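Let me begin by presenting the structure, written as structure tokens, before commenting on it.
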There are 2 protein chains.
Amino acid sequence: MGHQVTIKDIARHLNISVATVSRAMRDMPEIKPETREAVLKLAKEWDYQPNILATSLVKSRTKTIGVIVPDLAYHFFASVIKGIEEEAIARGYSLLLTQTRELYERELTNVQNLSRGQVEGFIISLSQETTDFEHLKRLQRKGIPVVFFDRDAGEIDVTKVMVDNVNAAFEATNHLIDNGCKRIAFLAGPASVTVSNQRQTGYLQALNHAGLEVDKSLIVHGNYNLQKIIELTNYLFELQNPPDGLVVVSDRLAVGAIKALKAKNIRIPEDVAIVSFNDEPVCTIVSPSLTSVAQPTTEIGKMATSLLISQIENSTIQYNPEVIILKTELKVRESSMKIK
Amino acid sequence: MGHQVTIKDIARHLNISVATVSRAMRDMPEIKPETREAVLKLAKEWDYQPNILATSLVKSRTKTIGVIVPDLAYHFFASVIKGIEEEAIARGYSLLLTQTRELYERELTNVQNLSRGQVEGFIISLSQETTDFEHLKRLQRKGIPVVFFDRDAGEIDVTKVMVDNVNAAFEATNHLIDNGCKRIAFLAGPASVTVSNQRQTGYLQALNHAGLEVDKSLIVHGNYNLQKIIELTNYLFELQNPPDGLVVVSDRLAVGAIKALKAKNIRIPEDVAIVSFNDEPVCTIVSPSLTSVAQPTTEIGKMATSLLISQIENSTIQYNPEVIILKTELKVRESSMKIK
DNA sequence: CTGAAAGCGCTTACAG
DNA sequence: CTGAAAGCGCTTACAG
């Protein structure tokens, strides 16, 4: 069999019309039992699979959601995708997964490709480079539903599923303060990343709230480059008055900082207590285990999907974008359990 | 505009036929320049995107590859996918990414869904549960090209892109022996995982080759459960005659073992030297940094894609499945640098 | 219970 | 240089 089996092949072989085959395949009640049996039997024998392109075309529905994330290799996104997938499968939708590798260009082509009739809506977390939102506004103008998560684009009025990073950082910093830290440093991400800035705000609020002095020299900006993290950590702990607490913008950076601290024989948590964000698996594996703010990744994914699907399925109703803020949870582990 | 703009809308508005619009959109040379201009101008103005379902249907080509991996959250797979994506984009193909979460059922439905006319070929790494290969044989019978990587399915005669796990483990174990280890333990994965067994074989070969005695009590089987790893590590190092070298089947397990060793105040590498597999980012971040066998993930992805595409594009030619074995590389770091 | 016909949004010989 | 027609693999009123 050179080509895939079609409805036509079956119809011809059974001497019936394609319409009847189509109906029998979908178990429509009006079909005579014997006809249905014959069709199903042959379909099975020939391993017939309905061509989903044809079905989608005629129905003008793909029941498919386009998902665009910065990088599948980031544990956070892989984890949110699990939630998206669960909800999508449960609701009978498929996923088209794409990554931008943090490139605006890729984001643009991904959006364009997927909007060629392939998907009915988008779940998007923006690339770091993205500052122009025209491609997303275009989707809105066409009436294609979009839901954002994690990375924000303040400008655009769409449904968003977020966590309160400011509050999460406030609580994490407070936790250090409660454990007796007086001089708390903040190891941030690049200054261009919204999430990092939000966490910095929460950190500052906690200091103010506790009446602790803010020392700008304790706020430093790193990235995924390990060497850079080591340098920044060394800088902080070679200050004449080094910190006794450290808030790190993500686990990956925190693990790098721990490495640098060990090399300097600075004890964790005795000399410095540490909290970070994301609660990746590495937090429990590393030594000392790392206190971290867990995001409800599965729930973010499910919620985003559920909201998107209701937009898709109620497309005639005027839709009011909403912003959902989900709760984070501080997972306390060894790195912050200072004996007071 | 309630629906997406189609070729018909443009044709009607410009008073020309859809055939002409179709030709103009694709820059066919026979179209009169003014006609082309007019079409392109309106297409841009209306943000027309050709419906890819329709195009695929009429061309009987989707230029899409189905990718099925156990879990996108495993760094290894995310990393191979980068390679797949690079090559696919370069060759003008798109990807349909799916994960099985190590479930046979999911693998089955993923294969079925994607073979409904959506993809022209598959790149697959099998789920741990998969022991029945009927779904893959069905693809073969239909003449749909398939390329395997990483997880093997010995039974099936398809193109495979693999690494030589036996040899990699042989070299890794030899490295410990060269560094003076005499009693080397092997922390394996579940006994059902081929990759783990291959590595165990290499480990045994190295011991034999060096004339070291094989002690079965030094071979233990763990999984991703941290508590289990800690117990196994404790068991090994509470033996009357504990190991001085440790080969671990993957980085994630190795980091757990390191944690357990530290808790017991066993020094790495002085008391025990460690090597593991995959060379995930955590290897450089952890302390001490972890010696690990790097797999050429990008190359695996590119190679698999390239081989698949040549099968797709030469589908008339009788294709001989080939097995590609790529080289691994031992990245030596602190965990194994014992001073002899 | 079944079939003929029209149509989903495109492409492509064929004719002019 | 352009258009009418057929067709990709389906679904769905409509008629019988």
Side-chain angles (χ1 to χ4, degrees), chain A residues 1-40 42-43 46-64 113-120 142, chain B residues 1-40 42-43 46-64 113-120 142:
Chain A
M1 197 129 341
H3 70 123
Q4 297 277 62
V5 178
T6 71
I7 226 175
K8 224 180 191 169
D9 300 318
I10 295 179
R12 196 180 302 128
H13 190 263
L14 296 177
N15 256 312
I16 56 180
S17 73
V18 293
T20 302
V21 176
S22 169
R23 290 185 183 111
M25 285 304 301
R26 283 168 302 136
D27 272 342
M28 309 216 79
E30 66 263 35
I31 296 294
K32 185 164 58 173
E34 301 91 87
T35 313
R36 188 205 325 286
E37 312 288 274
V39 169
L40 294 181
L42 193 58
W46 286 357
D47 194 20
Y48 165 74
Q49 304 281 1
N51 185 313
I52 215 174
L53 302 181
T55 310
S56 299
L57 191 59
V58 64
K59 293 205 162 178
S60 290
R61 290 216 55 185
T62 59
K63 284 210 128 196
T64 300
N113 290 341
L114 297 185
S115 44
R116 302 185 172 198
Q118 301 204 71
V119 305
E120 300 187 45
K142 290 193 174 188
Chain B
M1 199 129 339
H3 70 123
Q4 297 275 62
V5 178
T6 71
I7 227 176
K8 224 180 187 170
D9 299 319
I10 294 179
R12 195 180 304 127
H13 191 263
L14 295 178
N15 256 313
I16 55 180
S17 73
V18 293
T20 303
V21 176
S22 169
R23 291 184 182 110
M25 285 304 302
R26 282 169 302 135
D27 273 341
M28 309 216 80
E30 67 263 34
I31 296 295
K32 184 163 61 173
E34 301 92 87
T35 313
R36 187 203 328 284
E37 312 288 273
V39 169
L40 295 181
L42 194 58
W46 285 356
D47 193 22
Y48 164 74
Q49 304 280 1
N51 185 315
I52 216 175
L53 302 181
T55 309
S56 298
L57 191 59
V58 63
K59 293 206 162 176
S60 290
R61 290 217 53 186
T62 59
K63 284 212 126 194
T64 301
N113 289 340
L114 298 185
S115 45
R116 302 184 172 198
Q118 301 205 70
V119 306
E120 300 187 45
K142 290 192 174 188

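What you are looking at is a predicted structure, and each value in this text was computed from that prediction instead of being measured. Residue numbering restarts at 1 for every chain, and letters A, B, ... go by the order of the sequence lines.
When the P atom of D/dG9 is taken as reference, atom CZ of A/R23 falls 20 Å away, rounded to whole Å. Rounded to whole Å, atom P of C/dT11 lies 11 Å from atom CD1 of B/I10. Nucleotide D/dT12 holds its P atom 11 Å from the CD1 atom of A/I7, rounded to whole Å. The interatomic distance linking B/K8 (NZ) with D/dA4 (C1') rounds to 14 Å, in whole Å. Following rounding to the nearest Å, A/L14 (CG) and C/dG3 (P) show an atom-to-atom distance of 10 Å. Whole-Å rounding puts the B/N51 CG to D/dG9 C1' distance at 14 Å. Counting to the nearest Å, the P atom of C/dT11 and the CE atom of B/M28 are 9 Å from each other. Atom CZ in B/R12 sits roughly 15 Å away from atom P in D/dG3 (whole-Å rounding).
Put simply, the side chain of A/T64 does not reach to within 4.5 Å of the side chain of A/L114, judged on heavy atoms.
Taking atom P on both nucleotides, C/dC10 is separated from D/dC1 by 24 Å, rounded to a whole Å. Spacing between C/dG7 and D/dA4 at atom P, rounded to whole Å, works out to 16 Å.
Closest to the B/T55 side chain, of the nucleotides C/dC10, D/dT11, C/dC1, is C/dC10. Proximity note for B/T6 (side chain, C-beta onward) versus D/dT2, C/dT11, C/dG9: the nearest is C/dG9. In the set D/dT11, D/dT2, C/dC10, the nucleotide with an atom closest to the side chain of A/V18 is D/dT11.
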What verdict does the side chain to side chain contact (heavy atoms under 4.5 Å, CB included) test give for A/H13 and A/I10, after you've listed the backbone C-alpha separation in whole Å, the side-chain angles of each residue and the deciding distance to 0.1 Å? CA-CA 5 Å; A/H13 190 263; A/I10 295 179; 5.8 Å; no
Begin with the C-alpha distance, continue with both residues' side-chain angles, and end with the deciding distance and a verdict on side chain to side chain contact (heavy atoms under 4.5 Å, CB included) for A/V39 and A/R36. CA-CA 5 Å; A/V39 169; A/R36 188 205 325 286; 5.8 Å; no
From CA spacing to verdict: side chain to side chain contact (heavy atoms under 4.5 Å, CB included), B/Q49, B/Q4: CA-CA 8 Å; B/Q49 304 280 1; B/Q4 297 275 62; 5.8 Å; no
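Rounding to the nearest 0.5 Å places CD1 of A/I7 at 9.5 Å from CD1 of A/I16.
Between D/dT11 and A/R26, a contact under 4.0 Å exists linking OP1 or OP2 to a side-chain N or O. For D/dT2, the OP1/OP2 oxygens have no side-chain nitrogen or oxygen of B/T20 closer than 4.0 Å. Dashed line: the shortest gap from a side-chain N or O of A/S60 to OP1 or OP2 of C/dC8 is not under 4.0 Å.
When every heavy atom of B/K142 is checked against every heavy atom of A/D47, the shortest pair comes out as NZ-O, 2.8 Å.
No contact: B/I52 has no heavy atom under 4.0 Å from any strand. Using a 4.0 Å heavy-atom distance criterion, B/L53 is classed as making no nucleic acid contact. A/S56 comes within 4.0 angstrom of no nucleic acid atom, judged by non-hydrogen atoms across all strands.
Nucleotide D/dG3 has C/dC14 as its partner under the Watson-Crick or G-U criteria, with both atom distances under 3.5 Å.
Put simply, the side chain of B/R116 and the base of D/dG9 share no donor and acceptor less than 3.5 Å apart.
Where A/K32 and A/V58 each meet DNA chain C at their nearest nucleotide, the meeting point lying more 5' is that of A/K32. Residue whose closest nucleotide on DNA chain D sits further toward the 5' end, between B/A19 and A/K59: B/A19.
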